[in-house]
Amino acid sequence: MLEVHLPGLDLKNPVMPASGCFAFGAEYGNLYDLNRLGAVTIKAATLQPRYGNPTPRVAETPSGMLNAIGLQNPGVDEIIRKELPRFEENKVPVIANIAGSEMEDYVLTAEKMSQQSVVNALELNISCPNVKHGGIMFGTVPEVAAELTAKVKAVSEKPVYVKLSPNVTDIVAMGKAVEEAGADGLSMINTLLGMRIDLRTRKPLLSNLTGGLSGPAIKPVAIRMIYEVSQNVSIPIIGMGGIQNADDVIEFFLAGACAVAIGTANFVDPFVCPKIIKELPEKLDAMGVSDINELVGRSWKK
Amino acid sequence: MLEVHLPGLDLKNPVMPASGCFAFGAEYGNLYDLNRLGAVTIKAATLQPRYGNPTPRVAETPSGMLNAIGLQNPGVDEIIRKELPRFEENKVPVIANIAGSEMEDYVLTAEKMSQQSVVNALELNISCPNVKHGGIMFGTVPEVAAELTAKVKAVSEKPVYVKLSPNVTDIVAMGKAVEEAGADGLSMINTLLGMRIDLRTRKPLLSNLTGGLSGPAIKPVAIRMIYEVSQNVSIPIIGMGGIQNADDVIEFFLAGACAVAIGTANFVDPFVCPKIIKELPEKLDAMGVSDINELVGRSWKK
Amino acid sequence: MMQENMRVLAHEEIADCIFELKLEGEMVWAITEPGQFVHIRVGGGSQSVAPLLRRPISISSADPSKKTMTLIYRSGGLGTGLLSETGIGEKVDVLGPLGHGFPVEATPLQGKALVIGGGVGIPPLYGLSQELNARGIQVTHVLGFRSAKDVFYQMAFEKAGRTIIMTEDGTDGRRGRVTDVLDSVDFDVAYACGPIPMLKALEHAITEKPLFVSLEQRMGCGIGACMACVTRATDANDAKGYRRVCCDGPVFKAGEVELC
Amino acid sequence: MMQENMRVLAHEEIADCIFELKLEGEMVWAITEPGQFVHIRVGGGSQSVAPLLRRPISISSADPSKKTMTLIYRSGGLGTGLLSETGIGEKVDVLGPLGHGFPVEATPLQGKALVIGGGVGIPPLYGLSQELNARGIQVTHVLGFRSAKDVFYQMAFEKAGRTIIMTEDGTDGRRGRVTDVLDSVDFDVAYACGPIPMLKALEHAITEKPLFVSLEQRMGCGIGACMACVTRATDANDAKGYRRVCCDGPVFKAGEVELC
Ligand SMILES: Cc1cc2nc3c(=O)[nH]c(=O)nc-3n(C[C@H](O)[C@H](O)[C@H](O)COP(=O)(O)OP(=O)(O)OC[C@H]3O[C@@H](n4cnc5c(N)ncnc54)[C@H](O)[C@@H]3O)c2cc1C
Ligand SMILES: Cc1cc2nc3c(=O)[nH]c(=O)nc-3n(C[C@H](O)[C@H](O)[C@H](O)COP(=O)(O)OP(=O)(O)OC[C@H]3O[C@@H](n4cnc5c(N)ncnc54)[C@H](O)[C@@H]3O)c2cc1C
Ligand SMILES: Cc1cc2nc3c(=O)[nH]c(=O)nc-3n(C[C@H](O)[C@H](O)[C@H](O)COP(=O)(O)O)c2cc1C
Ligand SMILES: Cc1cc2nc3c(=O)[nH]c(=O)nc-3n(C[C@H](O)[C@H](O)[C@H](O)COP(=O)(O)O)c2cc1C
Ligand code: FES
Ligand code: FES
């Protein structure tokens, strides 16, 4: 009743950790068997290693948090060498998140990643608000996002999901543009751009000044955007933004998501993913639903 | 130490209720003396009376709420006749919020309102997400916002503040466009577009489907936008979005606001505005600040 | 109307997920009518902002001599769930009393009143019955519940007058809905509180005699300022065209507003 | 590492805004080193999501035979403020034990240790002292506080060894900073926890002997997955270039990472 099938992803359940909140699986893999997950979205890979931003990198906000990690990662080659082998014994599908500052970076990184046998799909992070050079532009101009999508599609051996930024006037235009450019699916949403100021220092609390807002606070924005976009594209959407429990997962499905990713909630409860996977069947039973796929877009489908 | 001076507004303190959360002052005026407030922003007036949207019109979200009131109001003429006289005995400055679906509506409503002696300034609500026809467009396209601002400025006898929508890719462009068009000040932010789905009915909980997200959840977005815009315009900003207490007020000042408005928090604590006004001097004392104006933009000013 | 941190004197689960909460404070003296409500801020202490909004709960009954009032509520969602964890001696942030309640004076002295309730619409009717009794009015109650496990306050109502319990599944009292037994009751004025379908059925069934209904709406402010809780006036020529449930109601004369 | 709802056995304010919290649970058996910490979820019960993030608090001491551990924390912000309202018998959601603590084996048996703490950096040092004592190591403590009202655990530390109390305003012990008295102490290995400026001063002052410092960073996950808590490795040729305070630390050998 939980099985879902998306391009490149045959998932025994639709619940996966969100990119950047689960590193490469080692830490949570110490707590539970990763094979219980629908899939694992690994942390953004860039062409070169990145140290990321100075600390503080996180700040709490009402029902949410800001982060400005700055895409810290050891670079695509090192990830392939050191991190991906972990998934050879595991049978859990892997989605590799890709980021960059220049189109060329994305393309090269995506090409390499897509050639890895353990990688089932790519997720293009065109929306990370914490990288200073260029990064943000890809996610806010439909034409640029489309061009990037097409270029990555041209080299990728695996399906490509494009992760949309919510910091735009017209999210539907973004979704349509990347669909037209060949995206196999969408991930939405990434974080909202926010800031906290420290009253003591009178300066922004994060060393990067702004950060990405995630957690329950942004759930209503995520639901609204998925509701709007899912009615205007025909590729599947992996929904995320503030999911804490099985009820939230169902809300995302009703809005139009075909699978979900869970980010911040892992920090609140490290066992949240397996817990939700366990609770979902009961919830669906109580709703009289025998297959979670029935719920996709039910809030707007006639 | 709390006095602030903005175009048309000489305020003994910088705290005012936000439009739509305080009606026309009668209800809260029963609880405390409105003259304790820095100013009162009254509910949006439209040219014709509006009933607004069907209920449910509000929904709670984590640390926030969605509303889709739909600009219910008795129309500008009735407001002038029945509601404004309340402010003749009071000495509290009044900011009249103006909304419409067509440019012409805005202009006529603004003209009438600006001629009222008790009205000290207008606030152009170009950002209400809950009106279906046109309304939202004004707030998301810089050129359109500028045109509307210029037209209203041409007829208004009072200073005009433009209230910006946060649902845009480039908030700085919006702020600059309306400044150039003659706006005397900015109000920011209005609500973020959001949605909640009712798991029982499987439909959006609000009858209007989407609603405007307000409350503490959106504070980081408001702070970020005010921080960005205040560095790029030279007109004052009335800051709002999730303010709950005196610390929040100070955070908005540090970000770049010159005064603040409080919306949702009135529902949580009907005495929140006078409470904050009372607490502010102690907080400033503790910070060693003798004049709240010193704090404006301190997070970015050298 | 005032805001007060009221003391919890008693707090008990009296039926399945139904809690009875007894509060003490000055606010009790300001209550004017049965059917008024309070707006409760439920918080995890300190400055937590989740849940953010207050929760409207009817005043079930009040005893000004002891400065106490009793609320009865169903614990279901986030706010009522947290509320149910409040211990005796703790404080609860209450705004009230709010709104206009049931007009007891609409029933002639020595007359007969019919009081009809469904589920968590029943609490305010208990205070109403007591006030009607105090005026020498004879009261008949028809109270509908889903099942036996949901029934509360049966004895209390019985003390105030004849009480017919209806359950949907027949596990207690009679099987069926409150509207099934109205014909058997003699009354001058009817008062009702419960789910909208029940109130609609009553509006259809009781057309010859005055009927007062108490409505629920999702609320923001609870005091008339935010327009969240409006409902349309039935009369197309009504000057305002709408009523606010929080301050014009929650009790209306049947026919005054649309039930939705 | 595990997640456990631990029972509050005792909870008391032992200095100005400083609380001592005694918890009982299986987790205690998993503690391996003094200086490890736990990540606490503070919530208003039910499913409230404010505050959202867990709060890292050091394990001050532990008694595996009684399955208890003691935390000492300053109540200041939203989370610790709510935590301080937790009553005896209630449960607290704890993730732990986390991180790597102080290496007691770095001090030779029969050697001498210097333990230096400032403010709420002092709690983990108490457990450290006890372990050092248990190995027959002679411990000297230098503990810095702002003022007399902030002092806690003085007697407890005195039992474990010579204890020099420093206050910034001279209202208790000696006036000054912990670095002012280091020359007077003979030791083989030093251990420290406190504010960054203090740790920096110690790194400058103690160059000839091993020094271990415990760091704080704002955290997300607390288990090494989010990269919120990193700090740069001092060695430019370090393979990773960084350390995560939550799992590579919080205790590092002085010089291993940048203090910031
Ligand atoms: C005038 C009035 C009197 C009421 N009296 C009682 C009473 O005596 N006993 C009782 O059990 N219930 C009563 N209710 C209903 C009660 O307000 C809701 O059950 C309660 O607000 C639900 O909160 P929650 O935290 O359980 O749910 P959540 O789902 O967490 O609530 C989310 C939001 O929706 C609102 N909401 C949800 N359901 C309702 C509803 N049915 N009516 C209004 N708002 C709702 C909440 O107030 C909150 O703002 C009354 C409602 C009104 C309007
Ligand atoms: C490994 C470690 C061990 C610690 N041990 C102790 C201890 O034993 N006793 C003690 O009193 N304090 C200790 N702290 C500091 C403690 O974590 C903070 O004081 C606490 O998180 C502040 O939470 P709050 O709810 O009071 O403040 P808020 O302002 O509400 O906190 C907001 C956010 O900022 C984070 N934060 C704020 N200050 C700090 C800080 N100094 N360090 C890390 N995160 C912070 C919070 O965790 C939270 O995510 C330790 C910190 C770390 C990293
Ligand atoms: C600490 C942190 C790091 C993140 N890193 C990435 C990343 O590397 N790539 C990416 O596409 N999204 C990243 N995100 C965004 C999340 O994947 C997710 O889209 C967002 O947090 C919303 O989901 P949530 O509310 O469940 O956290 C990160 C989020 C957080 C909180
Ligand atoms: C119930 C409600 C009604 C509102 N009506 C208006 C309105 O009529 N005009 C307007 O400009 N803004 C309106 N707003 C937006 C507020 O003025 C304010 O910009 C927003 O709520 C953010 O502030 P807050 O988080 O303090 O509520 C309304 C907000 C709420 C919650
Ligand atoms: S709840 Fe605000 S007007 Fe009724
Ligand atoms: S807190 Fe997440 S890696 Fe350390």
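The structure presented is a predicted model; accordingly, all values stated were derived computationally and were not measured. Every chain is numbered from 1, with letters handed out A, B, ... down the list of sequences.
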Check: Heavy-atom count around A/K82 NZ within 6.0 Å, excluding the residue itself: above 12?
Finding: no
Notebook entry, point to check: Counting N and O atoms only, with roles assigned by atom type, does the side chain of A/E60 sit under 3.5 Å from a partner on the main chain of D/L53, one being a donor and the other an acceptor?
Noted result: yes
Check: Could you go step by step and tell me if A/N73 and D/M227 meet the side chain to side chain contact (heavy atoms under 4.5 Å, CB included) rule?
Finding: CA-CA 9 Å; A/N73 82 95; D/M227 301 291 159; over 6 Å; no
Note to self: Which residues in residues 28-42 of chain A have any heavy atom closer than 4.5 Å to a heavy atom of chain D?
What the structure shows: A/Y28, A/L31
Next item on the list: Find the distance between SG (D/C226) and CE (A/M65) and round it off to the nearest 0.5 Å.
Entry: 6.0 Å
Next item on the list: Verify side chain to side chain contact (heavy atoms under 4.5 Å, CB included) between D/Y242 and A/Q72, making sure each step is shown before the conclusion.
Entry: CA-CA 10 Å; D/Y242 67 89; A/Q72 176 161 23; 3.1 Å; yes
Next item on the list: Taking atom NZ of D/K149 as the centre, report whether more than 12 heavy atoms of other residues, nucleotides or ligands fall under 6.0 Å from it.
Entry: yes
Margin query: Taking side chain as everything from C-beta outward and backbone as N, CA, C, O, which of these in A/Q244 sits under 4.5 Å from a heavy atom of chain D? Side chain, backbone, both or neither.
Written below: side chain
Note to self: For A/T55 and D/T231: C-alpha separation, side-chain torsions, deciding distance, then whether side chain to side chain contact (heavy atoms under 4.5 Å, CB included) applies.
What the structure shows: CA-CA 8 Å; A/T55 55; D/T231 181; over 6 Å; no
Check: Top residue by heavy-atom pair count (under 4.5 Å) with chain D, among A/P74, A/G215, A/P270, A/P62?
Finding: A/P270
Check: Looking at D/A228 and A/V58, what are the two nearest heavy atoms and their distance?
Finding: CB-CG1, 3.4 Å
Next item on the list: Evaluate the side chain to side chain contact (heavy atoms under 4.5 Å, CB included) criterion for residues D/Q3 and A/F271: first the C-alpha distance (whole Å), next the side-chain angles of each, then the deciding distance (0.1 Å), finally the verdict.
Entry: CA-CA 9 Å; D/Q3 183 186 4; A/F271 298 94; 3.1 Å; yes
Next item on the list: Taking atom CZ of A/R86 as the centre, report whether more than 12 heavy atoms of other residues, nucleotides or ligands fall under 6.0 Å from it.
Entry: yes
Notebook entry, point to check: Side chain, backbone, both or neither: which part of A/L205 has an atom under 4.5 Å from a heavy atom of chain D?
Noted result: side chain
Margin query: Non-hydrogen contacts under 4.5 angstrom with chain A: give the residues of residues 212-224 of chain D involved, or none if there are none.
Written below: D/Q217, D/R218, D/M219, D/G220, D/C221, D/I223, D/G224
Next item on the list: Please say whether the positively charged group of D/R232, taken as NZ for Lys or CZ for Arg, lies over the ring of A/Y51, i.e. under 6.0 angstrom from the six-membered ring centre and within 45 degrees of the axis.
Entry: yes
